[in-house]
Enquirer: 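Can you keep this structure in mind? I'll have questions shortly.
In listed order, ligands and their atoms are each counted from 1.
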Amino acid sequence: MTHSTPSNPVTHADWQALAEHLTVEAGLEARAYIDDTFVDAADGATFTTLNPATGETLAEVASCDAADAETAVSVARRAFESGAWSRSSPGERKAVLLRLADLMEAHKHELALLDSLDMGKPVSSAMGDMAGAIGCIRHHAESIDKLYGEIAPTGEESLGLVLREPLGVVASIVPWNFPLMMTAWKIGPALAAGNSVILKPSEKSPLSALRLAQLTREAGLPRGVFQVLPGFGHTVGKALALSMGVDCLAFTGSTGVGKQLMQYAGQSNLKKVFLECGGKSPNLVFADCKDLDRVAEHAAAAIFHNQGEVCIAGSRLLVENSIRERFVGKVLAAAERMQPGDPLDPASFMGAMVDQTQYQRVLDYIRQGVEEGATLRAGGQALDIEGAKGLFIGPTVFDGVTDTMAIGREEIFGPVLAVFGFDTEEEAVRLANDSDYGLAAGLWSQDIDRIMRVTRRLRSGQVFVNNWADMDQTVPFGGVKQSGNGRDKSHHSLEEYSDLKTVWMTLAT
Ligand code: NAD
């Protein structure tokens, strides 16, 4: 049995008590982290970060701009050239990153709470993110000293060595929906490979990144190797993306911003641009499934987890028409059990929408869905949660959606499920692939021949068969089409942060 203590919160009251201690007055860091020092933005600007579940101000955070980006880039370059990290042995990097993972583990409740307070996700879900984030750092720490280079199969008179080298300065720009986990997916492999990293967290969720910066210092990361620049995308994010001193942009966020980053790279130094972007993922349910209750539970969780603010949300549910009415009934029943609540209550399945803009955007899509003629079967309204003043929207289900409707094509990034019907496998595959995105797809069936046929035909970076979003650090994560162009997680992610150098040696004759 787990016991509540101040450092091991279990109950709603425990989390509320812990939240009361996380204030700027009590030491919560809200300044930028540049050159091993916490500093105000060069021009002294700040922005307010709010708790979307209560509307309360959490902190006034340093709002970095181009001048801060320039300083951080030159610090990162100096750190890289010094070799203190970039030329350290993989074993030395492993030791520091393992210490960082241990520190994150020791402070996981605090880190999870910061993400929950900053962006509204349930604290129980944020704790799941911490396991993913810590596991990611450990994985890359453990793997970096087990990678070998290659000797090319040339003739005897020469030796072709294939070496893997860090890129230099990596700017990592991340979103707000899984603040610390997305950060870990980027910085784990980037640091393990020997790069200097500048992190730009989302302006909607900067706090856990700043706490992480404190932990990197404690872990012994050399000066200037890791820096954090909070601020807006169009200011400090754009400055990093246009910088001639940045060698790689590692981005997770929307497809629109991903396209801008590619332009910035072209306008500057042709830096490498690694993108993890949006999705509108199809989840295909065939009539041959045995346990429709289980499938319905997963189909609902696939969209309502994290309030639908998930890149791989199963937002398009494609159901064989012969079971559609029965199956949608089961999804509605499951959705009823996934209502939002206070994010600090460990029993809450959903929390608050991240901010007023996102909240309004989701409500606008719901209105548009009704106007376009889809059938609203559940939800659709803003909710008042007792005792909370925040931005809550209940699980929303539209049936009878078609591929011409905005709610059937565009990424809403909220708790809105679009149900389509299909009659044949051919039609299901056509509907699934009829999207600009290709991040994830799900397939539920008992028929192994069908599973093999359909998984091959789905144009998607990942296909979940008889599960949704079962994941592990060892398995690559990423998309095709306008969902992105690289892979987070697993040893494949190291390829994003390193380059091959070939050394051709002619042997003396
Ligand atoms: P966003 O694109 O608005 O912002 C992402 C980051 O980019 C933020 O830090 C933001 O400040 C920065 N940014 C914005 N404009 C910029 C500019 N002009 N130059 C440089 N930086 C800029 O996305 P968001 O709203 O934070 O996150 C939601 C999106 O992220 C969704 O589309 C979601 O699908 C996607 N996402 C994808 C994955 C994945 O792994 N594929 C994971 C999580 C989220």
Enquirer: Under the side-chain hydrogen bond (donor to acceptor under 3.5 Å, both in side chains) rule, what pairs show up with a residue in residues 398-409, not counting sequence neighbours?
Expert: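 Found R324-D399, T402-T404, R409-D434.
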Enquirer: For atom 34 (O) of ligand 1, what is the closest protein heavy atom, and at what distance to 0.1 Å?
Expert: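 Of the protein heavy atoms, E411 OE2, 2.6 Å lies nearest.
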Enquirer: Where the closest heavy atom to atom 36 (N) of ligand 1 is concerned, which of G486, P201, C311 has it?
Expert: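 Nearest heavy atom to atom 36 (N) of ligand 1 lies in C311.
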Enquirer: Do any N/O atoms on S254 end up under 3.5 angstrom from N/O atoms on ligand 1?
Expert: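 Yes - when backbone and side-chain N and O of S254 are compared with those of ligand 1, one distance drops under 3.5 Å.
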Enquirer: By salt bridge (charged side-chain N to carboxylate O under 4.0 Å, His left out), which residues pair with R223, not counting sequence neighbours?
Expert: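 Salt bridge (charged side-chain N to carboxylate O under 4.0 Å, His left out) list for R223, sorted by chain: D35.
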Enquirer: Would you check the N or O atoms of G233, main chain and side chain alike, for any that come under 3.5 Å of an N or O of ligand 1?
Expert: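 Between G233 and ligand 1, an N or O pair is found under 3.5 Å apart.
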Enquirer: Give a yes/no on ligand 1: does L261 have at least one heavy atom closer than 4.0 angstrom to it?
Expert: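 Right, L261 reaches ligand 1.
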Enquirer: Do N467 and H298 come within less than 4.5 Å of each other through their side chains, counting heavy atoms only?
Expert: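 N467 vs H298: side chains apart.
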Enquirer: Just checking, any donor-acceptor pair under 3.5 angstrom between side chains of Q360 and D364?
Expert: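 Their side chains do contain a donor-acceptor pair, which is all the 3.5 Å distance test asks for.
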Enquirer: Tell me whether P175 has any N or O atom under 3.5 angstrom from an N or O of ligand 1.
Expert: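 Not met; the criterion fails.
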Enquirer: Any atom of ligand 1 sitting under 4.0 Å from a heavy atom of F477?
Expert: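 Contact present.
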Enquirer: What I want to find out is whether E496 reaches R487 closely enough, with some N-O distance under 4.0 Å, to be called a salt bridge.
Expert: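 No, this pair does not count.
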